[in-house]
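Heads up: the structure comes next, in structure tokens.
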Amino acid sequence: MPVERTLSIVKPDGVARNLIGEVYRRFEAAGLKVIAARMLQLGEREARSFYAVHKERPFYADLVRYMTSGPVVVQVLAGEGAIAKNRDIMGATDPKKAAQGTIRADLAESIERNVVHGSDAAETAADEIAFFFRSTELYPR
Ligand code: CMP
């Protein structure tokens, strides 16, 4: 399986509930490497742009409000099959549907406040990584 990179976000609920370390522990235990990381608070324009694919969805305005409500931690994860592996570690978007032992099943409060975001495919991963990081900020360079 090829080595891939994927974009991950610990969302405002995850940061507020002191879950950064628990989320990172799960990535590292699964063999994913954190190759870039930063804490930041998204502005409204940034959040609207990041989630533009959902702009027609009824939950879009709430999603933007929630994603701008506090700091997030963004990271690039690298490893064999990193995109699918990260999605397996996160579990389904809706914690009620997420498999046992996943971040969302174990830790998420709702379908919106679901602790983490992860890229869903190679193309979105490249776009989402570029949204937050310059190529010179990824290690090893
Ligand atoms: P994420 O994987 O970051 O992608 C889009 C986000 O929108 C999702 O996680 C949830 O936080 C949110 N979301 C998706 N579906 C719904 C929904 N039906 N109701 C509210 N929020 C949703």
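Atom set for the values below is all heavy atoms of this structure, side chains included, hydrogens, waters and symmetry mates excluded. Start at 1 and go down the list; that is how both ligands and their atoms are numbered.
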Just by distance, do the side chain of R17 and the backbone of A108 share a donor-acceptor pair under 3.5 Å?
->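 Between the backbone of A108 and the side chain of R17 there is no qualifying donor-acceptor contact (under 3.5 Å).
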Answer yes if the side chains of Q75 and S8 hold a donor-acceptor pair under 3.5 Å, and no otherwise.
->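 A pair is found: one side chain offers a donor N or O, the other an acceptor, under 3.5 Å apart.
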Could you tell me if the ring centre of Y51 sits under 6.0 Å from that of Y60?
->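 No - the distance between ring centres of Y51 and Y60 does not fall below the 6.0 Å cut-off.
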Which N/O atoms of ligand 1 sit under 3.5 Å from a protein N/O, and at what distances?
residue, atom, partner, partner atom, Å
ligand 1, 2 (O), R104, NH2, 3.3
ligand 1, 3 (O), K11, NZ, 2.8
ligand 1, 3 (O), Y51, OH, 2.6
ligand 1, 3 (O), H117, ND1, 2.8
ligand 1, 9 (O), K11, NZ, 2.9
ligand 1, 9 (O), N114, ND2, 3.2
ligand 1, 11 (O), K11, NZ, 3.0
ligand 1, 11 (O), E112, O, 2.9

Validate the cation-pi geometry between R38 and F133: distance from NZ or CZ to the six-membered ring centre under 6.0 Å, angle to the ring axis within 45°.
->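 Yes, cation above the ring, under 6.0 Å and within 45°.
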Linked hydrophobic residues, V23 as query - side chain contacts closer than 4.5 Å =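 V10, V15, L19, I20, Y24, F27, L32, V34, M39, V73, L77, I89, M90, I103, L107, V115, V116, which link up through side-chain heavy atoms under 4.5 Å apart, make up the rest of the cluster.
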Straight-line distance of R5 CZ to E128 CD, nearest 0.5 Å |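 Rounded to the nearest 0.5 Å, the CZ-CD separation comes to 15.0 Å.
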